[in-house]
2 protein chains.
Amino acid sequence: MQGRATISDVAAAAGVSVATVSKAVNGRYGVGSETAARVLRIASELGYASSLGASSMRSSRTGVVGVFIAAFEPFSSEVLKGIGVALGDSGNDVLAYSSLTGNEHDGWERRSLSRLGGTLDGAILVAPTVVDLPGTIPLVAIDPHTGPAGLATVDSDGYGGARLAMERLIGLGHRRIGFVSGRHDLRSALLREAGYRSALEEAGIPFDADLVRAGNYELKLSREAANQLLDLPVRPTAIFAANDLSALAVVQVAQSRGLAVPRDLSVVGFDDVPEAARADPPLTTVRQPMQQLGNEAVAMLTALMGQQELRRPHVTLATRLVERHTTAAPAPRRG
Amino acid sequence: MQGRATISDVAAAAGVSVATVSKAVNGRYGVGSETAARVLRIASELGYASSLGASSMRSSRTGVVGVFIAAFEPFSSEVLKGIGVALGDSGNDVLAYSSLTGNEHDGWERRSLSRLGGTLDGAILVAPTVVDLPGTIPLVAIDPHTGPAGLATVDSDGYGGARLAMERLIGLGHRRIGFVSGRHDLRSALLREAGYRSALEEAGIPFDADLVRAGNYELKLSREAANQLLDLPVRPTAIFAANDLSALAVVQVAQSRGLAVPRDLSVVGFDDVPEAARADPPLTTVRQPMQQLGNEAVAMLTALMGQQELRRPHVTLATRLVERHTTAAPAPRRG
DNA sequence: CTGTTAGCGCTTTCAC
DNA sequence: GTGAAAGCGCTAACAG
């Protein structure tokens with residue numbers, strides 16, 4: 001049982017050639033059923049399973065689909081859950097890969113695809129920002145950069161979602177609403193920002209560039225953005241953030257400055273990651289169906305892997321506002 | 001840019017041999033600095049990155065650590081987050097693998113390890129139930145089956161946690177407390193059950209076998225267990241479940257039978273997965289530090305990969321009770 | 001039905 | 001400093 005058995009170990013133990021073992025293990029024709037049975041038994045006894053790396057070098061199908069993510073953060077994790085259940089019965093294994101390493105200009109998605117592409121039957125990219133990907137295997141992107149029309153994509157309605165958030169805030173009576181923006185290399189982030197502006201415009205509230213600050217979906221930057229916004233001579237009464245991470249950062253900063261949320265400042269996020277519900281106070285946010293994003297991506301990928309044409313190569317899912325406890329009417333004017 | 005570039009593509013384009021490219025790319029000695037620079041530039045232009053499968057067949061270090069999980073469910077997802085951040089700076093990539101396929105007697109952990117073992121520098125197994133694993137690479141198990149003393153493990157204090165839950169329930173005045181058990185092939189599940197019994201005993205409440213039902217950490221079974229418990233002639237006033245999934249199932253079943261939680265039935269879970277906080281009503285549960293489980297595992301694995309001896313090959317983390325809204329004093333006797 | 005052979009992409013001696 | 005060659009574990013022709 002020491003050190004993984006190889007195909008030759010099995011062959012030797014069974015007294016046959018490696019070719020025969022390979023055929024038996026893969027259920028190919030051309031092996032006596034008796035021989036096959038014996039080989040299988042021995043393989044099982046030895047705990048043999050073919051090396052993914054080696055076998056993928058010779059044959060095309062491997063039965064594993066890859067998911068490439070930048071990191072195991074809440075958003076990707078939810079997507080992964082959706083992918084996992086959707087793939088549950090397909091007989092495919094799931095391999096999620098996060099490459100923190102060498103994040104230079106290459107882009108992790110390129111590098112990862114290069115390293116693993118040959119090994120996979122298909123892949124899903126979560127929030128890729130790189131445009132031209134090697135076109136070896138079926139690919140679908142979730143929440144992508146504005147990429148080539150050729151790439152199948154799934155995302156959710158960031159524009160509409162942002163409007164939902166803003167309309168609520170405006171309906172509550174807010175007129176001075178800050179915005180912490182997201183990663184500008186992601187279409188979804190841009191759309192959320194567009195929704196912010198359009199809602200303002202529709203309500204007849206003039207756009208004020210001072211009220212939008214870069215958060216880039218990063219904790220540090222979002223905190224800075226929040227501080228800048230709250231340092232403004234005339235403080236915003238509400239802040240809409242491009243994702244929950246940023247929104248949570250805003251809440252935290254506000255609280256650390258002695259401001260009560262939502263009494264002194266309303267905050268709305270975007271995503272509805274699990275962390276949003278457990279925050280204190282629980283975050284009002286725009287929910288995007290993250291697990292369903294995964295489901296849809298799997299459906300498309302499955303079609304692609306089955307050589308099918310996609311009816312709809314771009315799917316957009318609806319978002320909705322989840323009101324929790326970080327929104328309220330603005331406090332009566334205090335100067 | 002079509003179809004991943006291989007090392008020979010780079011070699012051809014650079015007018016050198018594949019051997020030279022390999023050395024240049026891997027920073028080995030024996031290449032002119034001028035040549036190396038040119039090769040590197042061309043490699044980058046071609047978007048070349050060495051195939052993981054192929055390179056792992058020849059060299060030992062690959063810079064990727066694996067995490068093997070049964071599925072992308074809430075518990076594993078949290079652990080993965082912890083592993084991800086802990087590994088962030090190590091320069092290692094993370095590869096999470098879930099093999100739903102062929103879950104026969106082999107055990108997914110064996111099979112997966114066999115298929116990928118050669119490709120990884122080390123691996124973390126989440127809730128493995130198989131005992132003898134091939135000992136090829138550094139391994140650490142999180143929440144393992146009672147395995148050989150040789151395997152490094154990290155888990156949390158299931159016994160103490162269960163007692164916390166039970167003591168609270170008993171303190172609230174409950175005397176008739178049901179238990180939905182977990183997977184009996186996991187030590188943690190057994191310890192939670194032991195905690196249940198010991199707390200009962202200590203409070204002088206006689207153990208009643210009718211009050212414990214198998215949930216196996218499965219939705220379906222847990223629902224059945226809940227129904228059986230609630231069908232009892234003398235209904236329990238509280239139910240402690242071995243994990244949150246089961247607890248949530250119990251709440252759901254109770255509600256569907258017209259019982260109000262916590263008025264008619266108190267429920268306590270175990271884990272504190274994100275879903276527990278968002279449930280309605282939010283679940284009272286025993287929190288185990290899932291992300292920290294991941295951190296600890298990484299620390300141990302890193303030591304192991306660095307050839308170091310482990311000071312403490314078995315680490316157990318503390319748990320604590322998180323009271324939310326599924327617990328209350330039992331209703332006054334109504335027969 | 002079974003074994004021999006070639007070669008996937010890569011790294012590593014070992015000559016030159 | 002550079003390249004030829006061997007071989008990692010495996011599968012796919014092709015012989016026998």
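Predicted model, so just to flag it, every value in this text is computed and none were measured. Throughout, a chain's letter reflects where its sequence line sits, starting with A, and its residues are numbered from 1.
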Please name all residues satisfying side-chain hydrogen bond (donor to acceptor under 3.5 Å, both in side chains) with [X], sequence neighbours left out, ordered by chain then number.
| X | answer |
| --- | --- |
| T62(A) | D121(A) |
| S55(A) | none |
| S17(A) | T20(A) |

Inset, instruction - Kindly state each residue pair satisfying side-chain hydrogen bond (donor to acceptor under 3.5 Å, both in side chains) with at least one member in residues 64-76 of chain A, sequence neighbours excluded. - result: E73(A)-S76(A)
Inset, instruction - Quick one: which residue pairs count as a side-chain hydrogen bond (donor to acceptor under 3.5 Å, both in side chains) with a foot in residues 292-301 of chain A, not counting sequence neighbours? - result: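 Qualifying pairs, neighbours excluded: none.
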Identify every side-chain donor-acceptor pair in residues 29-42 of chain B under 3.5 Å, counting partners at least two apart or on other chains, and give the distances.
{"from": "R38(B)", "atom 1": "NH1", "to": "A14(B)", "atom 2": "O", "distance (Å)": "2.5"}
{"from": "R41(B)", "atom 1": "NH1", "to": "E45(B)", "atom 2": "OE2", "distance (Å)": "3.2"}

Legend entry - Rounded (10°) bend between the five-pair end axes of the helix from dC1(C)-dG16(D) to dC16(C)-dG1(D): 40°
Distance-only check: which donor-acceptor pairs under 3.5 Å involve side-chain atoms of residues 303-313 of chain B, not counting sequence neighbours?
{"from": "R312(B)", "atom 1": "NH1", "to": "H314(B)", "atom 2": "O", "distance (Å)": "2.2"}
{"from": "R312(B)", "atom 1": "NH2", "to": "H314(B)", "atom 2": "O", "distance (Å)": "2.5"}

Inset, instruction - Produce a footprint string for nucleotides 6-16 of chain C: one letter per nucleotide, 5' end first; B if the base is under 4.0 Å from any protein heavy atom, S if only the sugar-phosphate is, - if neither. - result: -BBBBBB----
Inset, instruction - Please identify each residue that fulfils side chain to side chain contact (heavy atoms under 4.5 Å, CB included) with R58(A), with sequence neighbours left out. - result: none
Inset, instruction - Report yes if the side chains of V126(A) and V67(A) come closer than 4.5 Å at any heavy-atom pair, otherwise no. - result: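 The answer is yes, as the side chains (C-beta and beyond) meet within the 4.5 Å cut-off.
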Inset, instruction - Pull out every residue in residues 29-39 of chain B that has a heavy atom closer than 4.0 Å to any atom of DNA chain C, ordered by number, or say none. - result: none
Inset, instruction - Name all residues meeting the salt bridge (charged side-chain N to carboxylate O under 4.0 Å, His left out) criterion together with K23(A); count only those two or more places apart in sequence or in a different chain, and write none if there are none. - result: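 Checked K23(A) against salt bridge (charged side-chain N to carboxylate O under 4.0 Å, His left out); zero matches.
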